[in-house]
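What follows is a single structure, written as structure tokens, with notes after it.
Lettering follows sequence order; numbering is per chain, from 1. Note that the structure is predicted; figures quoted are calculated from it, not measured.
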2 protein chains.
Amino acid sequence: MSNITDIIERYLKQVLQSKNQNMIEIKRSEIADQFQCVPSQINYVINTRFTEEKGYIIESKRGGGGYIRIIRIEHQEQSDLLDAIIKLIQPTVTQQASVDIVERLLEKEVITEREAKLMVSVIDRNIISVPLPIRDEVRSRMMTAMLTTLKYTSK
Amino acid sequence: MSNITDIIERYLKQVLQSKNQNMIEIKRSEIADQFQCVPSQINYVINTRFTEEKGYIIESKRGGGGYIRIIRIEHQEQSDLLDAIIKLIQPTVTQQASVDIVERLLEKEVITEREAKLMVSVIDRNIISVPLPIRDEVRSRMMTAMLTTLKYTSK
DNA sequence: TATAATTAAGTCAAATATAGTCAAAGTCAA
DNA sequence: TTGACTTTGACTATATTTGACTTAATTATA
């Protein structure tokens with residue numbers, strides 16, 4: 001348990017806790033210096049220890065003034081239902097199936113009426129407007145992205 | 001957040017606010033002196049932080065008595081704002097411009113935080129995932145569909 | 001009044017500063 | 001001794017900073 005990945009993981013989680021907040025912002029190269037490892041090691045730590053499933057969101061910016069932001073999130077109540085739906089719509093999904101899903105989420109009050117309308121409007125075949133079968137793949141990714149967002153965003 | 005671009009951006013926005021008006025006029029060389037940077041840095045700040053998508057218009061004059069004017073765009077009605085944005089994003093729109101637009105709508109409380117996250121998630125280049133320039137056309141239709149929905153759906 | 005000088009702002013590309021990706025090499029436990 | 005996990009570094013992508021050169025407006029001068 002003394003590999004550098006675990007050490008950096010523990011350090012970052014400790015900083016998160018001690019600051020008593022759900023966000024920290026780091027400079028990749030500074031952390032790499034601090035722990036004497038290559039910068040890409042930090043990406044490895046983040047990709048394996050601070051994943052969405054584990055309850056984290058990562059934001060970052062390159063260039064001057066760049067940073068990596070680690071945000072702790074709480075999954076919403078209905079996240080099991082959302083996971084099941086996400087599984088169901090891989091790797092393609094039709095417009096009709098998507099509309100049915102959105103309506104079900106509305107009935108279950110997972111989403112608002114306005115959110116439902118937004119979702120239905122954006123997954124329309126005439127809006128995506130690329131040929132089948134690509135279209136249903138694009139829609140699958142779109143739905144997955146939105147459902148994943150719902151998983152960790154409260155009303 | 002210690003890069004000069006962000007600092008100057010914050011300063012200019014603060015002056016805009018404190019003056020309680022939607023226009024400020026600056027002398028490029030004076031601001032450059034004040035923040036000890038080259039004059040063209042000011043152009044960089046303006047070109048990346050005070051874009052039309054973010055809701056600003058820039059006017060300027062060279063020569064003696066020259067200036068740069070930053071004007072914040074205001075709309076009377078929400079539907080006017082949405083119409084203006086829809087016009088702006090035809091027939092293509094980049095991811096960055098779209099994110100800027102969504103952030104502006106959130107600021108103006110036209111949409112909720114959750115709606116903003118839904119919109120940002122679905123217009124991501126990796127989600128649409130078709131080659132340019134088609135991708136920016138698809139995104140334009142997607143944004144237009146969602147904005148049109150917002151126009152006709154109350155909160 | 002032309003023309004030259006001066007005073008601004010604009011453009012663009014190179015240099016610099018970050019972070020991301022990916023695959024090869026290394027490690028370690030079962 | 002194999003397979004999963006970790007470490008490393010070369011290469012890529014992106015954002016910012018800088019300065020040389022260009023363009024435009026005003027002012028001074030012949």
Reckon S29(A) has a side-chain N or O less than 4.0 Å from the OP1 or OP2 of dA19(C)?
yes

Students often get this wrong, so: under 4.0 angstrom with heavy atoms, is I4(B) touching a base, only sugar-phosphate, or nothing?
sugar-phosphate

Categorize R69(A) for me: base, sugar-phosphate, or nothing, with a 4.0 angstrom heavy-atom threshold over every strand shown.
nothing

If I take atom [atom1] in residue [X] and atom [atom2] in nucleotide [N], what distance separates them, rounded to the nearest angstrom?
| X | N | atom1 | atom2 | answer |
| --- | --- | --- | --- | --- |
| I8(B) | dT16(D) | CD1 | P | 12 Å |
| F35(B) | dT16(D) | CZ | C1' | 16 Å |
| N47(A) | dG20(C) | CG | P | 8 Å |
| D6(A) | dT6(D) | CG | C1' | 10 Å |
| R125(B) | dG20(C) | CZ | C1' | 13 Å |
| N3(B) | dT16(C) | CG | P | 18 Å |
| Y44(A) | dG20(C) | OH | P | 16 Å |
| E59(A) | dA15(D) | CD | C1' | 16 Å |

Ion pair check, R141(B) and D124(A), cut-off under 4.0 Å
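So R141(B) does not pair with D124(A) through a salt bridge.
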
Pair E74(B) + K108(B), salt bridge at N-O below 4.0 Å:
yes

Donor-acceptor pair, distance only, cut-off 3.5 Å: does the side chain of [X] make one with the backbone of [Y]?
| X | Y | value |
| --- | --- | --- |
| T149(B) | L118(A) | no |
| S18(A) | V15(A) | yes |
| S40(A) | N43(A) | no |
| E53(B) | A97(B) | no |

Could I get a table of every N or O pair under 3.5 Å where one atom is in the protein and the other is in nucleotides 24-30 of chain C?
none

Counting heavy atoms from C-beta on, name the nucleotide in [options] closest to the side chain of [X].
| X | options | answer |
| --- | --- | --- |
| N43(B) | dG10(C), dG20(C), dT6(D) | dG10(C) |
| R28(A) | dT16(D), dT21(C), dG9(D) | dT21(C) |
| T5(A) | dG20(C), dT7(D), dA9(C) | dT7(D) |

So which one's nearest nucleotide on DNA chain D is more toward 5', Q41(A) or Q36(B)?
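With Q36(B) and Q41(A) compared, the 5'-side residue is Q41(A).
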
Inspect the surroundings of CD in E113(A) and state if more than 12 heavy atoms from other residues, nucleotides or ligands are less than 6.0 Å away.
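No, because the 6.0 Å sphere around CD of E113(A) holds 12 heavy atoms or fewer from other groups.
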
Taking atom CD as the centre, does E137(B) end up with more than 12 heavy-atom neighbours from other residues, nucleotides or ligands that are less than 6.0 angstrom away?
yes

Side chain of S40(A), base of dG20(C): donor and acceptor closer than 3.5 Å?
no

Tell me which nucleotide, if any, is Watson-Crick or G-U wobble paired with dC28(C) when both distances must be under 3.5 Å.
dG3(D)

I'd like a table of atom pairs between the protein and nucleotides 26-30 of chain D - only N or O on both sides, under 3.5 Å - with the distance next to each one.
unit_1	atom_1	unit_2	atom_2	d
dT26(D)	OP1	K61(B)	NZ	2.8

Spatial distance of atom CG (L12(B)) from atom CZ (F50(B)) [nearest 0.5 Å]
4.5 Å

Which one of K155(A), K117(A), R114(A) satisfies the salt bridge (Lys or Arg N to Asp or Glu O under 4.0 Å) criterion with E115(B)?
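Only one of K155(A), K117(A), R114(A) forms a salt bridge (Lys or Arg N to Asp or Glu O under 4.0 Å) with E115(B), namely R114(A).
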
